Amino acid sequence: PDYTLRFTTNPSSNSAQTGNVSIYSVAASTPTGATLSYRWQRWTGSAWSNLSNTAGVWFNVTSPTLKANVAVANANTVRVVVSATGANTITSGNATITLLP
């Protein structure tokens, strides 16, 4: 690769009450001239699956900041894959969404 990407901030597990939106952010180093691509994923129990923007559940699935409706996304584990042309692809650590009572 021409560039080496690295995370400067990984997503953290988050909890919220019903109706609130749980927000996960990452930051990755951006080499000069590179454009980063983000793809949030969730663990299905057997594999990682790309998220889609779904009204009322997932928002901003191709940005550095994922938003989730915690009431619907409770107990999901998420991560983000970051890539750029001419660079290595990197995968963040995992974060879990928890609904508070």
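Just the heavy atoms: all of them, side chains too, but no hydrogens, waters or symmetry mates, feed the values below. Please read all numbers here as calculations on a predicted model, not as lab measurements.
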### Task
Evaluate the criterion side chain to side chain contact (heavy atoms under 4.5 Å, CB included) for residue pair Val80 and Leu66; output intermediate values, then yes/no.
CA-CA 9 Å; Val80 66; Leu66 173 70; over 6 Å; no
### Task
Looking only at non-hydrogen atoms, find the nearest pair between Ala68 and Ile97 and report the distance.
CB-CD1, 3.9 Å
### Message
Tell me the closest heavy-atom pair linking Asn88 and Ile90, and the distance in Å.
### Response
ND2-CG2, 3.4 Å
### Message
How close do Pro11 and Gly93 get, counting heavy atoms only, and between which atoms?
### Response
CG-O, 3.5 Å
#### Entry: Pairing residues for Thr65 by the side-chain contact (heavy atoms from CB on, under 4.5 Å) criterion, not counting sequence neighbours
Ile23, Ser25, Ser63
### Message
My understanding is that only one of Thr91, Asn94, Val81, Val78 makes a side-chain contact (heavy atoms from CB on, under 4.5 Å) with Trp48; could you say which?
### Response
Asn94
### Query
Distance from Asn74 atom CG to Thr98 atom OG1, nearest 0.5 Å?
6.5 Å
### Task
Treating Ile, Leu, Val, Met, Phe, Trp and Tyr as nodes and any side-chain heavy-atom pair under 4.5 angstrom as an edge, say whether Trp43 and Val82 lie in one connected cluster.
no
Donor-acceptor contacts under 3.5 Å from residues 51-62 side chains, at least two apart:
from  : atom 1 : to    : atom 2 : distance (Å)
Asn53 : OD1    : Asn60 : N      : 2.8
Asn53 : OD1    : Val61 : N      : 3.1
Thr54 : OG1    : Ser52 : O      : 3.0

#### Entry: Nearest heavy-atom neighbours spanning Leu5 and Ala84
CD1-N, 4.0 Å
### Message
List the residues meeting side-chain hydrogen bond (donor to acceptor under 3.5 Å, both in side chains) with Thr96, not counting sequence neighbours, and say none if there are none.
### Response
Thr77
